[in-house]
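Below, each value reflects all heavy atoms present in this structure, side chains not excepted, and no hydrogens, waters or symmetry copies. Each chain gets a letter, A, B and so on, in the order its sequence line appears, and its residues count up from 1.
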Number of protein chains: 2
Amino acid sequence: MPKKNPQNSKPVITIAEVAKAAGVSIPTVSRILNNKEYVAEETRDRVNQAIQQLGYVPHIQARQLRGAASRTLALHHPIESPHDLSSVIETSYFTGTAEAASEKEYFINFLVSQLTPEALVNMYRSNQIDGIILLQVRIDDWRVNLLRENNYPFVMIGRCADLESLSFIDLDFEKAMLLAFDHLVELGHRSIGFLTYPESWNKAGIGPAVRSLDGYKQALNKHDLSGCYREIGLTSVEEGFEATNDLLQENPDLTAIITVSHLTAAGSIKALVQHGRSVPQDCSVMTIGFGGNFANVVTPSLTTLEWSPYEISYQAALLMTDRLANEQLPAQQILVPPKLIVRESTKEVN
Amino acid sequence: MPKKNPQNSKPVITIAEVAKAAGVSIPTVSRILNNKEYVAEETRDRVNQAIQQLGYVPHIQARQLRGAASRTLALHHPIESPHDLSSVIETSYFTGTAEAASEKEYFINFLVSQLTPEALVNMYRSNQIDGIILLQVRIDDWRVNLLRENNYPFVMIGRCADLESLSFIDLDFEKAMLLAFDHLVELGHRSIGFLTYPESWNKAGIGPAVRSLDGYKQALNKHDLSGCYREIGLTSVEEGFEATNDLLQENPDLTAIITVSHLTAAGSIKALVQHGRSVPQDCSVMTIGFGGNFANVVTPSLTTLEWSPYEISYQAALLMTDRLANEQLPAQQILVPPKLIVRESTKEVN
DNA sequence: CTGAAAGCGCTTACAG
DNA sequence: CTGAAAGCGCTTACAG
C-alpha cells in the first residue's frame, strides 16, 4: 500500500515499489537511476519501464542524506530593506544566474533577508546550499572573510581587496571611466563633469563607487584635465537635476557630463535644457551602467558604456558550478569592460 | 570522531554528538530542538549549552526525510527565453515574494527554465517544493489545470477563466481602464487613443492583454466614445513612436493617448512632438503599469495608474504560506486597483 | 552483473 | 520526563 503524502493525499512511489514491480532489488534500481556501470541491458529496460509506469520520481532529500550535494546555489545581495532592492538590482541578475544554474541542473535560492554570519554558515552546514554567489561585494566584506575562513565555496560578482585564490567576475569601472573620457576627449571635450555614486557607498567601500572615482581621477590625469564631480543618489531624477545645476554654477563652461545612472542622466538633461543649453549641441551627456531599453526613453537617447547584467550573472553562476564540479579548479578572475554605444546625447564640441 | 564533510573538510556536528556531549539520548535532543513538551528545565539547559558549544545545526534534508515539508516555494514565469525575462518582469516580483517567504521562514526558488508538465509535477512529488506561485497566468493555463487536477497547492499572480476554489491576486486592469478614462474625460478629452499589449498576447489569452482591451471597450461605452487603438510591443520606444504616428494619421484630432508601458509612452511623446504637438498642451499622455522612477525620466513626467509589484508579489507569497499553514483555508481572491498619480503629462483639453 | 546489509541524520510512536 | 527501537528513501561498500 503506497503511503500517502500528507500535503496532497497523492500516493508517493518509492524506489522499493519500483524494485518490486520490476522484480529486482533496490540497489539495482538505484544503480540504474544513477547511471552506474554494470547493469544488464535487459534489466535496465525492465526497470525503466517500471519507473515509467509508476511515475516514479526520486526523493531528493533522501538522496542528499547520503552526503550528496544539495545542488542548490544561493544568490545574496546584502541590502537592509528588500523593498528597495528593486531600485539597485537588475532583474537580469536573477535571470542570468537562474538560467545558468538551471542548465547545470542546480536550483537557486535568492536570499533576501538580512543574513547573519551565523545564518550564512548554517546554510552550508545544514547542507542547504553547495555554494553562494555574492552581490554588492565590499572592499572589506564580512561574508568573504567568513566564507574564506571556513573554506566554503563562493563566487563574487564584484571583488574585495584581498583576492588571493578567490573567484570573481566584476565590471571594470576603471576601464569604463577611461573609455568614457577617451570618447569625450576625442570629440574635443576638455571640461567634463561627473555625477557618481553616493558618498556613503564610497565610504562603505562598495566597489563601483570606489573604483569609479579612482578611474575618474586616472582619466583626468591621463588627459591632463581638472575635474568636478558630485556624489549623488542613483535612483532620483531630481538629484541629477540639482547636482547638474550645482556643477554648472561651479564650472559654467562644462561641455560634457558623465553619469552612472539613466535616471540621473535624465535629470542632468532637464537641468541643462533649463539653463538654455541643448543636448548634445551645447553639452554632451553620457551614462555608464547596465544596458536596457531606457537609454532610448530619454530625449535625446543616451550614449552609454554598458554591461549586460544577464551575461555577467550567467558567467558568475558558471564559475560557481565549475568550481563545484571540480574542487581543484584554480580561481577564476574575470574583469569585464563595458561596450560603448554611441546614441544621440554625445557630439563634437562646438 | 566527527565525520568530514567532503565539500569543505569541516567537521559536521550531528545530533548524536550533541546528545553525547550533554549526556542525554538522541530523542531528547530532538524534542528540545523541536520545542516539544515534557522536557526538564535542567536537561534543556544542558542540551542547549552543548548545542551552542558544538555549533550544532540541524540537517534540513534529514529532517525532511521524515515527511516534513520542504519549506520551499517556487516562483514561475513561463517564458521561452530567460534572457528576455528582464524586459517583461519587474525585479520587485522577486524581492516581494522572497521577502514574504523569508519572513515566514520559507525558501524560494525561481524557476527559469522551460518547465515541462512532468518537471512541475516532479517538484511536488520529490518534495522539492510545498507550493508554487504562478506568474503570467493565461485564461486557459496548463499549469493551473495540472496542479488543480493533482490537488497541489499553488497561488496565481493573475488569473485563469475557471476560478472555482483557486487563490489569486491580480491587477484589476478593467478598473484601470475605467479610471484612466474617468481621469481624461474629466479633463475634457473625448478622443482618446490606446496603445495596448501585443496582439499575440491577446490571442494567447494572457490576462492583462485580454482584460485591458475589454476594459477599454467598456470605458468607451460608458462615456459614449469611439475608440482607436494599436496592439504593440511593450519594450520598444520605437514601436510606440510608430504606432502613435499611425494613430494620428487615422484620427488627427486625438487629444489623449493611454499606453501600458513607460517605453511606449516615451515613443508616443516623441511622435507627438515631431508632429508639432507638445505634451500636455496639445495632447495628454498617460500610462498604466508598474510604478517606479521611470515616470520621471520621461519629459514631461508621466501621469500614471500604477501598481506596486513588490506589494502584489509579497501578498501572493503570503497567500501561499497561509494556505500551506492551514489546508482548510478557503480560497483567497484579490483584485487590486491601481493608484492614480497625476504628474505633468496630462492636462485639461484646450 | 546483482543482492543483503548497513547507514546517512533525524523524528515518532511506544515503553517505561 | 526520558530512552530504545524503528523507519523515512536512498546509496554505498561488500559479497557473491
Side-chain angles (χ1 to χ4, degrees), chain A residues 1-7 11-47 50-51 54-71 122 124-128, chain B residues 1-7 11-47 50-51 54-71 122 124-128:
Chain A
M1 197 55 196
K3 110 173 159 116
K4 299 286 183 169
N5 178 327
Q7 269 179 54
V12 167
I13 310 294
T14 70
I15 196 173
E17 294 165 52
V18 174
K20 204 170 94 194
V24 297
S25 74
I26 292 177
T28 298
V29 178
S30 176
R31 278 185 209 101
I32 290 168
L33 251 20
N34 295 284
N35 290 311
K36 296 282 156 105
E37 62 246 275
Y38 303 133
V39 183
E41 200 54 44
E42 188 267 340
T43 313
R44 184 186 304 273
D45 290 347
R46 200 144 36 90
V47 169
I51 288 174
L54 297 174
Y56 168 73
V57 182
H59 188 295
I60 304 277
Q61 275 79 22
R63 188 173 272 178
Q64 284 167 193
L65 193 49
R66 293 291 322 189
S70 66
R71 291 207 79 86
N122 285 1
Y124 285 90
R125 298 238 287 208
S126 70
N127 200 25
Q128 273 172 74
Chain B
M1 197 54 196
K3 108 174 162 115
K4 298 286 181 170
N5 178 328
Q7 269 179 54
V12 167
I13 310 295
T14 69
I15 197 172
E17 293 165 53
V18 174
K20 203 170 94 192
V24 297
S25 73
I26 291 178
T28 298
V29 178
S30 175
R31 277 184 210 103
I32 289 168
L33 251 19
N34 295 284
N35 289 311
K36 296 283 157 106
E37 62 246 272
Y38 302 132
V39 184
E41 200 54 44
E42 189 267 340
T43 313
R44 185 186 304 274
D45 290 348
R46 201 142 36 89
V47 169
I51 288 173
L54 297 174
Y56 168 73
V57 182
H59 189 295
I60 304 276
Q61 275 80 22
R63 188 173 271 177
Q64 283 168 191
L65 193 49
R66 294 292 323 194
S70 66
R71 291 207 78 88
N122 286 2
Y124 284 90
R125 300 237 286 208
S126 70
N127 201 23
Q128 274 171 74

To the side chain of B:Pro58, which of C:dC10, C:dT2, D:dT11 is closest? C:dC10
Options D:dT11, D:dC10, C:dT2, nucleotide nearest the side-chain atoms of A:Thr14: D:dC10
For the side chain of A:Ile26, starting at C-beta, report the closest nucleotide among D:dT11, C:dT11, C:dG3. D:dT11
From the set C:dC10, C:dG3, D:dA4, return the single nucleotide nearest to any side-chain atom of A:Pro27. C:dG3
Among D:dG9, D:dG3, C:dA4, the one nearest A:Ser25 by side-chain distance: C:dA4
Rounded to whole Å, please give me the gap between CG in A:Asp45 and C1' in C:dT2. 16 Å
Of the listed nucleotides D:dT11, C:dG9, C:dT12, the one nearest the side chain of B:Ala62: C:dG9
Please state how far atom NE2 in B:His59 lies from atom P in D:dC8, giving the value in whole angstrom units. 19 Å
Among C:dT2, D:dC10, C:dC10, the nucleotide that comes nearest once only the side chain of A:Arg31 is considered: C:dT2
pair_partner(D:dG3), Watson-Crick or wobble, both distances < 3.5 Å, evaluates to C:dC14
On the nucleotide C:dT2, are OP1 or OP2 found under 4.0 Å from the side-chain N or O atoms that A:Thr43 carries? yes
Is any side-chain heavy atom of B:Ile15 closer than 4.5 Å to one of B:Leu33? yes
Which of C:dG3, C:dG9, D:dC1 is nearest the side chain of B:Ala40? It is D:dC1
